[in-house]
Undergrad: 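Questions regarding the structure given below will be posed in turn.
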Number of protein chains: 2
Amino acid sequence: MATFPSANFSQGPPGESISDRIVAVLQRRILAGEIPIGAWLRHGALAEEFGISRTPVREALRILNAQGIVTIDLHRGARVNGHSGKDIREIGAVRAELEGYAAELATERINDAQLKRMQEAWQGFGELIQQFDGTEEDQQRQAQQWAESNHAFHSVIVEASGNHQLELTIAELRRRLPHNLSYAAYAGNARLLRRNLEQHEGIAAAIIGHNARLARKLMTAHLRASNEATARWVENRGSRV
Amino acid sequence: MATFPSANFSQGPPGESISDRIVAVLQRRILAGEIPIGAWLRHGALAEEFGISRTPVREALRILNAQGIVTIDLHRGARVNGHSGKDIREIGAVRAELEGYAAELATERINDAQLKRMQEAWQGFGELIQQFDGTEEDQQRQAQQWAESNHAFHSVIVEASGNHQLELTIAELRRRLPHNLSYAAYAGNARLLRRNLEQHEGIAAAIIGHNARLARKLMTAHLRASNEATARWVENRGSRV
DNA sequence: ACGTTCATAATTGGATGCATCATCGTCGCC
DNA sequence: GGCGACGATGATGCATCCAATTATGAACGT
């Protein structure tokens, strides 16, 4: 592990402060699972790693705290939040409602470019699933690709809703849960993946067919099912904190 | 305007940092409209007012920025965000969906104490509206009371949904819009207020009657209408920024 | 052996200092 | 008179410093 500055963090794109960049880096690491749940985030260590002082690190941790990603105990420090099955179900329920609503809006408002991206996303996913086997590493890599494809599919629909505040709110919800949770739950489970693909197909068909009500219904059901699988996986694996 | 420390901010309830308290104070002031849209929030001035250093003020402003309440321009400072009619419609649409969902859940889960609070809220509102007239100041005061009563009604339903993450998300949305907007739109408009009361009655009746689907539908419609009135008011009064 | 006490180290919270950037008025020049 | 360079001024962003709090661990007594 590098203790010297891992990159030049004291200069970057203009209009962006150092703490903004620290926030982005830590968000990514936590969401990716590089920093495990319950880990302490020390001012000193992070400052040293990035070659900066503790001040912007402190600000970054405050922001992550406001976003619900870490918890700050006064005079003790910041640690990465874990999530119980209950938390995951609650966040997922909210997300299911909002993305369902987004699908409804998107059905009316989606444009050709977005339609194309949507279809590419779930078709890429379909090709991926065809060749679903191989070694453990293959499965890990495929799960990663699945996560990206999945994200692309959902993102384009949310974007196509045309409601920017809705987009922000959903992004906020996504940020509360580490991604590796959901795709870890799916990795190596061909049945779940196939069901997922079928649901995406149904949603895409509803949107293309201009059936807004159906699109909403399917999207909500899809996310509820997907989320329930994740919540169960967390509860069984006992990796909650 | 006091330039000396307005209160003893260097000590307070344990478990809470100074910046947390600054965040709370500024949130309240901005939501109440004490600090107008577009106003600059200066480190030095705030630090002096609260009798603290600039460091916790900076952290507070960064948190408000993350919450979408202020915008920080690098090397220029933080200013209070304004909202266009479009923003208000978008936020309101999201809120209408989520509170509709909350009403649906609440219908199944609300307990007796919460039911009582809910009824008190809209009944208090009803009494208020009976005597709706008087001088301009009276109307202002009544609008203020209406805002509180309104907030109590919605809060108890959201709380009764039993989904804490949903509660957090709705609180987040509420924080994005200054309250004075919505009740300024209603102040002095007896017709709007009466319609509001009727809608609350309908929602309460649906919840009491255990009709979850209806409760949801009415709540969503209620918030959409209410929000549209606010958006129109903002657009006509031209107090957007 | 085990719990308690006290001193020490580690870490955070907040204050202060300093370099950088944006703004604004003035001066000089065309 | 108008326009651009330039320096003063004020504010921010970050680094550094100090105080307050918590964790750690050894010494001690039971």
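Reminder, nothing fancy here: chain letters follow the sequence lines and each chain counts from 1. Side chains included, hydrogens not; waters and symmetry mates left out as well; all remaining heavy atoms used.
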Undergrad: At their closest point, which heavy atom of A:M118 faces which heavy atom of A:I110, and how far apart are they?
TA: SD-CD1, 4.4 Å
Undergrad: Base, sugar-phosphate or nothing for B:R58? Non-hydrogen atoms, less than 4.0 Å.
TA: base
Undergrad: Please give me the minimum heavy-atom distance between B:S19 and B:E59, naming the atom from each residue.
TA: OG-OE1, 3.2 Å
Undergrad: Which of these, A:Q27, A:R62, A:R176, sits in a side-chain hydrogen bond (donor to acceptor under 3.5 Å, both in side chains) with A:Q67?
TA: A:Q27
Undergrad: Taking any heavy-atom pair under 4.0 Å as a contact, classify A:I72: base, sugar-phosphate, or nothing.
TA: sugar-phosphate
Undergrad: At 4.0 Å (heavy atoms only), tell me whether B:L41 reaches a base, stays on the sugar-phosphate, or touches nothing.
TA: sugar-phosphate
Undergrad: Let me spell it out: for each of B:R42 and B:R62, pick the nucleotide of DNA chain D with the closest heavy atom. Which residue's pick is nearer the 5' end?
TA: B:R42
Undergrad: Given atom CG of B:L46 and atom C1' of D:dT12, what is their separation to the nearest angstrom?
TA: 14 Å
Undergrad: Taking atom C1' of C:dA15 as reference, at what distance in whole Å does atom CD1 of B:I52 sit?
TA: 11 Å
Undergrad: In whole angstrom, what separates A:E59's CD from C:dG14's P?
TA: 13 Å
Undergrad: Need to verify one output field. Residue with the more 5' nearest nucleotide on DNA chain D, B:T55 or B:H43?
TA: B:H43
Undergrad: Could you tell me how far apart B:R79 (CZ) and D:dA11 (C1') are, to the nearest whole angstrom?
TA: 14 Å
Undergrad: Grab the two heavy atoms, one from A:S161 and one from A:V158, that are nearest each other, plus how far apart they are.
TA: OG-O, 2.6 Å
Undergrad: Do the side chain of A:H164 and the main chain of B:D87 share a donor and acceptor less than 3.5 angstrom apart?
TA: no
Undergrad: In the 5'-to-3' direction, what one-character label does each nucleotide of nucleotides 18-25 of chain C receive under the scheme B = base within less than 4.0 Å of a protein heavy atom, S = sugar-phosphate only, - = no such atom?
TA: ---SSS--
Undergrad: Please name all residues satisfying side-chain contact (heavy atoms from CB on, under 4.5 Å) with A:N150, sequence neighbours left out, ordered by chain then number.
TA: A:W146, A:H154, A:N196, A:H200
Undergrad: Starting from C1' on C:dG13, measure out to CD1 on B:I63 and report it in whole angstrom.
TA: 13 Å
Undergrad: Can you check whether B:V94's main-chain N or O pairs, donor with acceptor, with B:E97's side chain at less than 3.5 Å?
TA: no
Undergrad: Measure CG/B:D20 against C1'/C:dT12 and give the value in whole Å, please.
TA: 14 Å
Undergrad: Taking only side-chain nitrogens and oxygens of B:S53, does any of them come within less than 4.0 Å of OP1 or OP2 of C:dA15?
TA: yes
Undergrad: Measure CG/A:N65 against P/C:dT12 and give the value in whole Å, please.
TA: 14 Å
